[in-house]
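This report concerns only the one structure given below.
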Amino acid sequence: MVDYDFKKIEEKWQEEWRKERLFEPEVDTAQKKIFISVPIPYPSGQLHLGHMYTWGRADVYARFMRMRGYNVLFPQAFHFTGGPIMGLRDLVKRGDQKTLDRLRAQGVSEEDIKKFGEDAKYICQYFSKKAMDDLTSAGMSIDWRRRFFTTQLNPYYSKFIEWQFRKLKDLGVVYKGTHPVVWCPNEKTPIGDHDRSEGEGESPVRYTIIKFTIGNVILPAATLRPETVYGATNLWINLKGEYLKLDVNGEEWIVVKSAKEKLESQLKNVKDLGYFDVSEILNKTVRNPVTNEEIPVFSADFVDMKMGTGVVMSVPMHAPFDLDALDRLVQENLSSIKPIRVVNVAGEDNLVEASIKKFGKTKEGLEKATRFVYKEELNKGVMAENCGDISGLRVAEGREKIEGVLKEINANDSIYEITGRVVCRCGYEGIVKVVENQWFLKYSDLSWKELGRKMIERMNIYPEELKTQFLAVIDWLDDKAATRNGGLGTPLPWDESQVVEPLSDSTIYMAYYTIAHLIENIPIKDINDQLFEHVFFGKETNDRKHEKIIKRMRNEFEYWYPLDMRITAKEHITNHLPFFIMNHAILFPESKWPRAIAVNGWLTINMEKLSKSKHAALTIEKHVREYGADRLRLVVGAGEKIDDANWSTDNINGLDQRIGFLMQTAEMLGTFGDEIKMIDEYLKSALNNIIQKTTENYESLNLRTGLFYALYESITSIKLYLDLGGRNKENVRWAIETVTKLIHPAFPYITEEIYSRLGHKGLIEKEDWPAVDKEAVSEAVESEIAILEKTTGDIRKIIAMLRKKGNKPKEIILTIADKNAFEVYNKIADIAAEIKDPNKIRERLGIKGALVESLTSKVNRLPNRTLYAEEEYRVFSESKEWLEKTFGCKVEIKKGGDDKATPGKPAIKII
RNA sequence: GCAGAGGUAGCGAAGCGGUCAAACGUGUAAGGCUAAGGACCUUAUGGCUCAGGCCUUCGAGGGUUCAAAUCCCUCCCUCUGCACCA
């Protein structure tokens, strides 16, 4: 590592930035603005390297844009909404050992831990303060004046949320409904994924109930494949099970005992009418409500007492379990039923028979067979001609349509099951509950989706490939439950039993940043919808008391909005980002729609995912202390696009080397002169190319590539320049300053330091971003340098061979090709620019000879640029000294006279 | 299942019709520098050659083209998300 006192340097420049108020931009209509934001973190722990990656990317962009002359706003708030912090408080209160260990590992004092157990708000405050300090020390150029937090703990923000939801309701996109959730009957709350000790990822699945009737009594068969009702040959019940007769919404249902609780928690009005002996209906017939046929009721062991209603529709032609059970009855001469085909799969004669053969008749085998048949028929199946209204439809379509058919004849209902066993952390098994009084945002609305799509089409999305995915997500979007009945948050203004849930109260909060530092000058009692309507939409206000401050708020919003760049990680693609898009689309006019989104992958450490247990060891605080902020900021170059980025401290060495090189070269400047050689043209050309590439890549948040040019390619070019004998003071100085500027957004502290050591008084961040001098870019010069390098490589190869033979080179003679060879070469290059076929090129050229033959013989080695004889001579003769030094022998450069020389490839003769 | 992304040398990762045996980083090996180690510099790192050459490679198999890692088709495999949860 290069030795420098990073702590001192960091403190020094932080102070300078603070003095200059560099990160506290004011409205200035004469200056172009850019508004950047990163998600609002949830302060349930200390920020770690994963955060560093996302914030680092945002900060590089912010500093880059500042240098490009933009007035940059980069604010940061904190999100207190939700349940987990309260959960953390309870765990601390309970003295949960794991939790306490984790907090202690993060350096939380015993006194603070005690307070955590008493007050969730204190946890929020503690960690948000920490986060602020960590981000600041890591060099984030954040305007902290505008920080705020959410929930009713901040009544101003709550007013903003209330306004927003009233407005959404007025727009007709909020409605009250019901929603199935996995529910803990003990704690009486939904069990989210992280609240489960078993069953992560399991979710409610809806079974269709088809009502078969026997007189007035209903046998409700639960099924995932209602479209096969045309092929039902019988019903299955299980004589070993206990059944009940229930009054369900005024109808008499026969169901297995376990279904009672489910139906109750799924909003059915249930009265228990007592035990029902199912042997009473065994072998009796029931009426299929769709076909009106009478079919028998049989018993089968495979009917699961815990699943659904305990009544199963038998479709032996399309269900392995049904066929297997029926076969047994037929063998015992208890039935003579024949399966009925209702789905055709091209090229398949009897899918169920085939699959049973394949997977076997064990329970596992039949389960596999069932999944297989389900999949095949769903994907490839077509409903047969005996299926009434759904005949000829694809299975998926038929399944959708049959629901309507059943509904019309009042023969359907539904029951939810969980896709797998879920156990709550409290130890109780989860069930599906249909919760009432849920308020939904109607993201399924087609005209709303149209707005969302329109916004996406107009937005810059980085990486670009994600645009199609965003459009797909909008298509897939369904109504979103926007409230819940617990946790921290803002109560829904018209139904205070519900709290706006976290993802729904953080869709347009970026607008709040524009006024967050001003709004609290107005007493809370005077904050109303009219104020927000005025500030955001310029509608009339009759508040004269706060005229001045309101006017400022209005100006701030008008100036800063829309948001120019939203930077976030990929886990938000299917939740936060689409909501952010949709809510902006419906609430704001097009001129205020966000302009760009940049998405990044996750950070891995030495190729391993950052697991929760590792967070404590990977805090930003710890790493800044250990390595310094600049070195830590190297993490922004760890990845690109949505690929996962890998961080390893190995890379620090590479950074240090290059920083050291810049500093050393800066110190050597005094020994340089003012001679200008071809290599100086090369330096100018190469660096201008690098400026261009760096700028383009920073613009689209491709920071790994940007840094590759700014930090690696640039220094490689400067080294090559010095190697080849370049010693022009002005040019080297310019090169060092340019590179320092190019890498400044990523490594702000050390670059400020280098810049001041170069004798500059002002801040580098206030300097202009290096401009590309197109005049200086010369393809010819760069190709000649490449030719020089290639030739050097060839010489080396030949010398190595000679050495093997025991020969030592005494002299190297390089001969540049004849002028007329260059003419031929360039003619071919010209033709090859449009015609690519070697045969046709030769035809068109009309010249023959060994040179033409060799230049056009290999299709992938056609000349593709113009070369100049004088330039080629110059580059070699100016490098003569260097070549002699490199190879330790005499070198002679000749012009013409050797047939072996071709343009771009001088003849090498070694004596 | 649905949706999206992707499979390139030991590893990571560029390239997205012709300057591709394939940038760059890292690893490995040899040499230099060092008292030594680290750091640094040079070179090598698909195979065969041994005067700058040739041959075979970019998940598998077909196809288009004078020319394919790059375009088209089929197949195999991997990753991510699927919601009321931050």
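Naming convention: chains lettered A, B, ... in sequence-line order (proteins, then strands); numbering from 1 in each chain.
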Task: A:W476 side chain, from C-beta outward: closest of B:C82, B:A86, B:G4 - done: B:C82
Open item on the list: Please name the nucleotide paired to B:C11 by Watson-Crick or G-U wobble geometry with both distances under 3.5 Å, or report none.
Closed with: B:G25
Open item on the list: Quick one, A:Y509 and A:T150 - any side-chain contact, counting heavy atoms below 4.5 Å?
Closed with: no
TODO: Test the A:K449-A:Y443 pair against the cation-pi criterion, namely NZ or CZ under 6.0 angstrom from the six-membered ring centroid and within 45° of the ring axis.
DONE: no
Task: Minimum-distance nucleotide to A:N575 side chain [options: B:A5, B:G81, B:A86] - done: B:A86
TODO: Could you tell me whether the phosphate oxygens of B:G52, OP1 or OP2, come under 4.0 Å of any side-chain nitrogen or oxygen in A:R796?
DONE: no
Task: Whichever of A:T716 and A:V182 has its nearest RNA chain B nucleotide further upstream toward 5' - done: A:T716
TODO: May I ask you to evaluate whether A:K570 reaches the phosphate of B:A5, defined as a side-chain N or O under 4.0 Å from OP1 or OP2?
DONE: no
Open item on the list: Counting the benzene-type ring for Trp, do A:F440 and A:H179 have ring centres under 6.0 Å apart?
Closed with: yes
Task: Partner nucleotide, any strand, of B:U42 [Watson-Crick/G-U, under 3.5 Å] - done: B:A30
TODO: May I ask which nucleotide in the shown strands pairs with B:U19, Watson-Crick or G-U wobble, both distances under 3.5 Å?
DONE: none
Open item on the list: Nearest 0.5 Å, please: how far is OG1 in A:T81 from CZ in A:F149?
Closed with: 11.0 Å
Task: Earlier contact from the 5' end, RNA chain B, for A:Q469 and A:N651 - done: A:Q469
Task: Selection from B:G52, B:C50, B:A5 that lies nearest to any side-chain heavy atom of A:M801 - done: B:C50
Task: Nearest heavy atoms of A:K570 and A:V599, plus distance in Å - done: CA-CG1, 3.5 Å
Task: Salt-bridge criterion met for A:E713 and A:K693 (N-O under 4.0 Å) - done: no
Task: A:N653, nearest nucleotide to its side chain (from B:A5, B:C85, B:A39) - done: B:A39
Task: A:P84 side-chain proximity, nearest of B:A51, B:A86, B:G81 - done: B:A86
Open item on the list: Any base atoms under 4.0 Å from A:W439, or only sugar-phosphate, or nothing? Heavy atoms, all strands.
Closed with: nothing
Open item on the list: If I pick the C1' atom on B:U8 and the same atom on B:U56, what distance separates them, to the nearest angstrom?
Closed with: 16 Å
Task: B:G63 and B:C50, which share atom name P, separated by this distance in whole Å - done: 37 Å
Open item on the list: Heavy atoms from C-beta onward define the side chain here; which of B:G81, B:C84, B:G53 lies closest to that of A:T574?
Closed with: B:G81
Task: Any strand: nucleotide that pairs with B:C71 via Watson-Crick or wobble, under 3.5 Å - done: B:G63
Open item on the list: Tell me which nucleotide, if any, is Watson-Crick or G-U wobble paired with B:U56 when both distances must be under 3.5 Å.
Closed with: none
Task: Identity of whatever pairs with B:A3 - Watson-Crick or G-U, under 3.5 angstrom - done: B:U80
TODO: Select base, sugar-phosphate, or nothing to describe what A:D475 touches, counting heavy atoms under 4.0 Å on all strands.
DONE: nothing
Task: P gap between B:G37 and B:C55, integer Å - done: 44 Å
Task: Gap separating the CG atom of A:L707 from the CG atom of A:N697, nearest 0.5 angstrom - done: 9.5 Å
Task: P gap between B:U43 and B:U26, integer Å - done: 15 Å
Task: Nucleotide of B:C85, B:G52, B:G25 approaching A:Y712 most closely (side-chain heavy atoms) - done: B:G25
Open item on the list: Measuring only the P atom in each nucleotide, how far is B:G53 from B:U45? A whole number of Å is fine.
Closed with: 14 Å
Open item on the list: Roughly how many Å apart are B:G25 and B:G15, using the C1' atom of each and rounding to a whole number?
Closed with: 16 Å
- [ ] With heavy atoms under 4.0 Å as the rule, sort A:P906 into base, sugar-phosphate or nothing.
- [x] base
Open item on the list: By the 4.0 Å heavy-atom rule, please label A:H79 as base, sugar-phosphate, or nothing.
Closed with: nothing
- [ ] Under 4.0 Å between any heavy atoms, over every strand shown, what does A:K900 touch: base, sugar-phosphate, or nothing? Just pick one.
- [x] nothing
Task: P-based separation of B:C71 from B:C84 [nearest Å] - done: 39 Å
- [ ] Would you mind classifying the nucleic acid contact of A:I910 as base, sugar-phosphate or nothing, using non-hydrogen atoms under 4.0 angstrom?
- [x] base
Open item on the list: If I pick the C1' atom on B:C58 and the same atom on B:U70, what distance separates them, to the nearest angstrom?
Closed with: 10 Å
- [ ] Between B:A83, B:C41, B:A3, spot the one nearest the side chain of A:K480, thanks.
- [x] B:A83
Task: A:R484 vs B:A86: side-chain N/O to OP1/OP2 distance below 4.0 Å - done: yes
- [ ] Find the partner of B:C50: check Watson-Crick (N1-N3 plus N6-O4 or O6-N4) and G-U wobble (N1-O2, O6-N3) distances, both under 3.5 Å, and reply none if neither fits.
- [x] none
TODO: Tell me what A:D723 touches on the nucleic acid: a base, only sugar-phosphate, or nothing, going by heavy atoms under 4.0 Å.
DONE: nothing
Open item on the list: As a quick check of understanding, evaluate salt bridge (charged side-chain N to carboxylate O under 4.0 Å, His left out) for A:E501 and A:K480, giving each step before the final call.
Closed with: CA-CA 10 Å; A:E501 66 77 47; A:K480 162 95 174 87; 3.0 Å; yes
